[in-house]
Number of protein chains: 2
Amino acid sequence: MDDQAIPLDAETKAVEMPEDHREELRLWLRILTCTTLIEGEVRRRLREQFDVTLPRFDLMAQLDKAPDGMTLSDLSKRMMVSNGNLTGLVDRLVASGHIVRTASPTDRRASVISLTESGRAEFRTMAAEHEHWIAELFGDLTEKDRGELMRLLGKTKLSARRAIQGEGQ
Amino acid sequence: MDDQAIPLDAETKAVEMPEDHREELRLWLRILTCTTLIEGEVRRRLREQFDVTLPRFDLMAQLDKAPDGMTLSDLSKRMMVSNGNLTGLVDRLVASGHIVRTASPTDRRASVISLTESGRAEFRTMAAEHEHWIAELFGDLTEKDRGELMRLLGKTKLSARRAIQGEGQ
DNA sequence: CTAATTTATTTTAAGCTTAAAATAATTGCT
DNA sequence: AGCAATTATTTTAAGCTTAAAATAAATTAG
């Protein structure tokens, strides 16, 4: 690549020019920018149009997919947030009447969380709007762009998981 | 595209099959998963190896690029966080000796934030490690993958900005 | 020059988030 | 059965985050 006046054999070069990873760093920062931008806008619209926070919306989205409800542990894994975080979030959504806690019939430690009827109705109204917002935010991407982005992010997800899991063992 | 047994003229179809945007939604959720996964791991390693939080690291990263320091407003725009958030973050980093506040010589409302010598040294040590982590997390992507991902995310960023700006006017 | 507006920052109140420690119930082992 | 380890959840302490209101200084308009 960069032929210089001073010749360097491969090994010397490896020592003096350890790989730099600025490209990967720029890629990561760009992913982060996209996420922050879109998430901030979604958060803002949820608050303005439905007076709901994103974490509450996310929790209800999980419950909407589970007609029989979920335990806090299930929610914790799916949402990738801590147990302690969920305790408070669930408390607030119970207080606002969107969800209910039921004692698990099989495990006295656990409680099962499910949407109330009105909670589900309200969620579905919001979710329909939300889907439009996302479509609008990604509106300039072609179908091909989206497919390719999906594929590359799938690869990224696996790569990250490998790096995270691999290091623990 | 999809010729069906039941013929529908274009208008009927538009009414009965309003566009669904599940694909865009799945794409958004995948971006979010990647970000959460990687960000969580970076956060964990920063805490374990350097006893520092990600917001503090991010703030120092901005300052490291600005040898003459930055005002809170500059930081707020660059980091895409609220002013009020920065007040507290800056206070804590001043308390730990990583940064200093200086009164702006030209504007009595503003203060200029800059890294201390030891803060800069500490940041650079962390930043070098951080760059390796990111390279490792993205390790399974080829150079071509990364270039393509960068391009598509660039397009996504512009698309989102257009959708956000366009709606305000 | 003065009043109105804008800009820079802080404060406040509320909620989100985490890690670590504590409780309590269940499961596995012998 | 009885003890150890695991699992489900809550509590605690600390910090992050935001929106909205407040304060104060600078800029603009007339």
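Proteins come first, then strands; the chains are lettered A, B, ... in the order of their sequence lines, and each starts at number 1. No experiment lies behind these values; they were computed from the predicted model shown.
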Pair up each side-chain donor or acceptor in residues 105-112 of chain B with any protein partner under 3.5 Å, not counting sequence neighbours, and list the distances.
residue, atom, partner, partner atom, Å
B:Thr106, OG1, B:Ser104, OG, 3.3
B:Asp107, OD1, B:Arg109, N, 2.9
B:Asp107, OD1, B:Arg109, NE, 3.1
B:Asp107, OD2, B:Arg109, NH2, 2.9

Report task. Verify, without hydrogens or angle tests, whether B:Thr35 (side chain) and B:Ile31 (backbone) share a donor-acceptor contact under 3.5 angstrom. Result ->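 Yes.
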Query raised in the report: Among C:dA24, C:dT7, C:dT9, which nucleotide sits nearest the side chain of A:Arg109?
Result: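 For the A:Arg109 side chain, the nearest candidate turns out to be C:dA24.
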Query raised in the report: Which is it for B:Arg43 and B:Glu48 under the salt bridge (Lys or Arg N to Asp or Glu O under 4.0 Å) test, yes or no, and what are the steps along the way?
Result: CA-CA 9 Å; B:Arg43 216 179 270 275; B:Glu48 289 189 356; over 6 Å; no
Query - Straight-line distance of B:Met80 CE to A:Leu32 CG, nearest 0.5 Å - result: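 Separation between the atoms: 7.5 Å.
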Solution key, residues 147-158 of chain B side-chain donor-acceptor pairs under 3.5 Å, sequence neighbours excluded:
residue, atom, partner, partner atom, Å
B:Glu148, OE1, B:Arg151, NE, 3.4
B:Glu148, OE2, B:Arg151, NH2, 3.0
B:Lys155, NZ, A:Asp145, OD2, 2.6
B:Thr156, OG1, B:Leu152, O, 2.8

**Report entry** Contact pattern, 5' to 3', of nucleotides 10-23 of chain D - B, S or - by protein heavy atom under 4.0 Å
**Finding:** BB---SSBBS----
**Report entry** Length of the line joining A:Asp107:CG and D:dT7:C1', which is rounded to integer Å
**Finding:**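 Taking CG of A:Asp107 and C1' of D:dT7, I get 8 Å after rounding.
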Report task. Report which part of the nucleic acid A:Ser76 touches: base, sugar-phosphate, or nothing (heavy-atom distance under 4.0 Å, all strands). Result ->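 Since no nucleic acid heavy atom lies under 4.0 Å of A:Ser76, the category is nothing.
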